[in-house]
Amino acid sequence: QLQLVESGGGLVQARGSLRLSCAASGRTLSSHAMGWFRQAPGKEREFVAAIIWCDSTTYYTDSVKGRFTISRDNAKNTVNLQMKRLKPADTAVYYCAATSRMIVTTRMLEYNYWGQGTQVTVSS
């Protein structure tokens, strides 16, 4: 069973940076794709970014392109989300997810495993 644990959330001022990490245990991620989603208060959970573990193909939602970078660390079995030039609109609980399909997908239903989430708050 794959388990995911996010870390790195917190409070940051607008235009600041944060780095989220998602540590996986239980199995390696070599045959998976990983995604980050977020959910703001009163809103539906939305896709943020995804990466295919084996070849590092990435995909981003338009609102974070050029500001967020998703990457993987083979040695640590971890996927990271570097967030720069943060905006108040980025405030949300951020979730890490894994799918056993080696594709970049924005669809929540494609993801089999989810972390518990980490809060990111951006003040203006």
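Below, each value reflects all heavy atoms present in this structure, side chains not excepted, and no hydrogens, waters or symmetry copies.
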Discussion item. Applying side chain to side chain contact (heavy atoms under 4.5 Å, CB included) to Leu86 and Phe68, what does each step give before you reach the verdict?
Written reply: CA-CA 9 Å; Leu86 283 160; Phe68 290 12; 3.8 Å; yes

If the condition is side chain to side chain donor-acceptor pair (under 3.5 Å), which residues does [X] pass it with, not counting sequence neighbours?
X: Lys65; result: Asp62
X: Ser21; result: Asn80
X: Glu110; result: Arg101, Arg107

Quick check on side chain to side chain contact (heavy atoms under 4.5 Å, CB included): which of [options] does [X] satisfy it with?
X: Met83; options: Val12, Asp90, Leu20; answer: Leu20
X: Tyr95; options: Glu6, Arg38, Gln116, Met108; answer: Glu6
X: Val104; options: Ile70, Ile52, Ile51; answer: Ile52

Give a yes or no on whether the backbone of Gly26 and the side-chain of Asn77 come within a donor-acceptor separation of less than 3.5 Å.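 No, because the side chain of Asn77 does not come within donor-acceptor range (under 3.5 Å) of the backbone of Gly26.
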
Tell me whether Trp36 is reachable from Phe47 by hopping between hydrophobic residues (I, L, V, M, F, W, Y) whose side-chain heavy atoms are closer than 4.5 Å.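 Looking at the clustering, Trp36 is in a separate group from Phe47.
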
Which value, rounded to the nearest 0.5 Å, describes the distance between [X] atom [atom1] and [Y] atom [atom2]?
X: Thr118; Y: Leu18; atom1: OG1; atom2: CG; result: 9.0 Å
X: Arg67; Y: Lys87; atom1: CZ; atom2: NZ; result: 4.5 Å
X: Ser17; Y: Gln82; atom1: OG; atom2: CD; result: 6.0 Å

Over all atoms of both residues, closest heavy-atom pair of [X] and [Y]:
X: Ala33; Y: Met102; value: CB-CA, 4.5 Å
X: Ala92; Y: Ala40; value: CB-N, 3.8 Å
X: Ala98; Y: Leu2; value: CB-CD2, 3.6 Å
X: Phe37; Y: Thr106; value: CE2-O, 3.5 Å
X: Thr69; Y: Tyr60; value: CA-OH, 3.4 Å
X: Ser124; Y: Pro88; value: CB-CG, 3.9 Å

Side-chain heavy-atom pair [X], [Y] within 4.5 angstrom cut-off:
X: Thr28; Y: Trp53; value: no
X: Val120; Y: Val122; value: yes
X: Thr91; Y: Gln119; value: yes
X: Thr105; Y: Tyr111; value: yes
X: Leu29; Y: Met34; value: yes

Contacts of Tyr113 that satisfy ring-ring contact (aromatic ring centres under 6.0 Å, His included) - sequence neighbours left out: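 Tyr113: no ring-ring contact (aromatic ring centres under 6.0 Å, His included) contacts found.
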
(request) Return the set of residues passing side-chain contact (heavy atoms from CB on, under 4.5 Å) with Ala23 (not counting sequence neighbours), or none when no residue passes. (result)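 By the side-chain contact (heavy atoms from CB on, under 4.5 Å) rule, Ala23 matches Thr78.
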
- Query: Pairs in or reaching into residues 58-124: which pass disulfide (SG to SG under 2.5 Å), with residues at least two apart or in two chains?
  - Reply: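 Listed once each, the pairs are Cys22-Cys96.
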
